[in-house]
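The next block holds one structure in the form of structure tokens; read it before the comments.
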Protein chains: 2
Amino acid sequence: MLSRKTEFARLGTKLRDVGGLTLSCAHCHLRSRCLPSGLSLDELGEMREVAPRQRRVARGEALYQAGDSCHSIYAVRLGFFKSYVVTQDGRSQITGFQMAGDILGLDGADTGTHTQSVVALEVSDVCVFSYAKLETAAGNLQALQHKVRCVMSREIAREHAMMVLLGTARAEERVAAFLLNLSERYGELGYSEGEFNLRMTREEMGSYLGLKLETVSRMFSHFQECGLITAQHRYVHILDRPKLARLAGRNVLPDIHETRMSQ
Amino acid sequence: MLSRKTEFARLGTKLRDVGGLTLSCAHCHLRSRCLPSGLSLDELGEMREVAPRQRRVARGEALYQAGDSCHSIYAVRLGFFKSYVVTQDGRSQITGFQMAGDILGLDGADTGTHTQSVVALEVSDVCVFSYAKLETAAGNLQALQHKVRCVMSREIAREHAMMVLLGTARAEERVAAFLLNLSERYGELGYSEGEFNLRMTREEMGSYLGLKLETVSRMFSHFQECGLITAQHRYVHILDRPKLARLAGRNVLPDIHETRMSQ
DNA sequence: CGGAATCTTGAAAATGGTCAAGATCAGTGG
DNA sequence: CCACTGATCTTGACCATTTTCAAGATTCCG
């Protein structure tokens, strides 16, 4: 419970200092896991040409929606998003959860129209990179073009891992893999790997994992009975990571991480 | 039965005329659905710089394997491939089937190492585009760079559709959607939409669809009982497309098509 | 022609979904 | 600060779907 507060406090301190301003990639604390990762100092300077703008998204607000014209790539600076697709017959499924350092907006570059929707699950900030500027900067910033391909390729690999999870794993494995993946991603951002607050409902987890919310809830109870975790609604504490990893069948490939630019 | 022969004959005529030669994109009959689609005549000429080479792959042979270093993109000219990933704990799942006009090799551009394996299910020919040449050609061929991003973005959309299928559809829907998708793709290539030979086993279909081979087999029998198709092992005849589409719940989005460059 | 691979089908078992009821939590307005 | 309302979560009982196991038929390929 204490650590729950500290986590919130930490988020709180980062919530300040926002505006619709142009940002400098050279001074961003997330640059190592964002689009400009791996660029030289000179190249970082040239990123001014690409001039990412900042945008704040309220909880529940859409960053973009399926059908919107597609003219930007977004880098999450702060907050938490879900992305989802809706089929013709009205079914929908969550395709990913994105947090600081993750890249959004890669879908629909071919049709010029987004194929998925992205909604903030809490107040969030993103950097906006216009496709047009990215393309004209190509000549000077070969490395940047290359990086964009890398993010996309990484996203493809992540989705392959997701397809395996959906195609072959049972409920227990899916939920275990999901919790471990979230945990690792929080860890990479400097938060606690061992305890964290879920930003999504059981239903949203289920939608992502191809399960009903009741099944997700049962798995949480099951893991608690086994002494693998404690869970009080959204607050999760991982007690036995190795056993959880064994349950996940090592589905917790690096690939399953969200699209990200790091190295 | 007759049409089965004609289909083979058709394939037969295309099997001639192969070599390790450099090819001209400007004269390729597949250019409208390949990497250079949408390029001007001038730009098509410049494709000589990129100098795709041709490679023949025997039935059962790997085009590349997970772990191989990643230095080329491949365009299928002729034949049929399966791509699959293998998890750490040894499970594997097919991630796609590729035929003429489809693009391969997009995985692993970030790590420099392929994350999936690709194997030919029949004698196949591919064009090989070296990444290095594609990158240096960037300056002159902006449009080509853009096209590469389009293929990747299209692949991401396809995988989203696949995730929905795996996450929410029942066996009947999955198999129906699969048959319709194959049918449409054959149709686009000028083959019959109504009857065709499957290139893969029941088990391979199952692996792709997250089902066991027995379930796939049962669905085939089921569809025959309903008068939707006739199936004699690999040979399939679609009798009632509308009803099949209704079963598929219109999961047969354009997205579910394989990665492809057309328009 | 013969052996291996592939496919079909049945019956039993396991897994997850559906439906329903009640508990808990978060946010609102008094 | 508290009660209230709607959203979210838990749990149980039952049901539908898919898997598993097994046996036999068919096809492919050398």
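Note on naming: letters A, B, ... go to the chains in the order of the sequence lines (proteins, then strands), and numbering restarts at 1 for each one.
Considering CE of A:Met200 and CZ of A:Phe97, their distance stands at 4.0 Å, rounded to 0.5 Å.
Rounded to whole angstrom, the span from the CD atom of A:Glu214 across to the C1' atom of C:dG22 amounts to 14 Å. Going from atom CG of B:Leu209 over to atom P of D:dT19 covers 11 Å, rounded to whole Å. What separates CZ of B:Arg170 from C1' of C:dT18 is a distance of 13 Å, to the nearest Å. Atom-to-atom, CE of A:Met219 to C1' of D:dC9 comes out at 15 Å; the value is rounded to the nearest Å. Atom CD of A:Glu173 is separated from atom P of C:dT15 by 11 Å (rounded to the nearest Å). Residue B:Met200 contributes atom CE, which lies 11 Å from atom P of C:dC7 at whole-angstrom precision. Here the C1' atom of nucleotide C:dA26 and the CG atom of A:Leu198 are 16 Å apart, to the nearest Å. Rounded to an integer number of Å, the gap from B:Glu203 CD to D:dT19 P is 13 Å.
Residue order along DNA chain D, read from the 5' end via each residue's closest nucleotide, puts A:Thr215 first among A:Thr215 and B:Gly210. Both A:Glu225 and B:Arg174 lie close to DNA chain D; mapped to their nearest nucleotides by heavy-atom distance, the more 5′-ward contact belongs to A:Glu225.
A:Phe196 and A:Tyr191 have their aromatic ring centers separated by at least 6.0 angstrom. Checked against the 6.0 Å centroid criterion, the rings of A:Phe81 and A:Tyr74 do not qualify as a close aromatic pair.
Within the 4.0 angstrom heavy-atom criterion, only backbone atoms of the sugar-phosphate kind lie near A:Leu211; the bases stay farther away.
Proximity of B:Arg218 to the phosphate of C:dT8: no side-chain N or O atom is located under 4.0 Å from OP1 or OP2. For the pair A:Arg202 and D:dA7, the criterion of a side-chain N or O lying under 4.0 Å from OP1 or OP2 is not met. In terms of phosphate contacts, B:Arg234 brings no side-chain nitrogen or oxygen within less than 4.0 Å of OP1 or OP2 of C:dT6. For the pair A:Ser217 and D:dT11, the criterion of a side-chain N or O lying under 4.0 Å from OP1 or OP2 is not met.
Side chain of A:Ala171, nearest nucleotide from D:dT18, C:dG16, D:dT11: C:dG16. Checked against D:dC9, C:dT18, D:dT11, the side chain of A:Lys212 finds its nearest nucleotide in C:dT18.
The side-chain tip of B:Arg202 points at the ring of B:Phe220 from less than 6.0 angstrom away and within 45° of straight on.
Ring orientation note: the planes of B:Phe80 and B:Tyr186 are close to parallel, at an angle under 30° on the 30°/60° scale.
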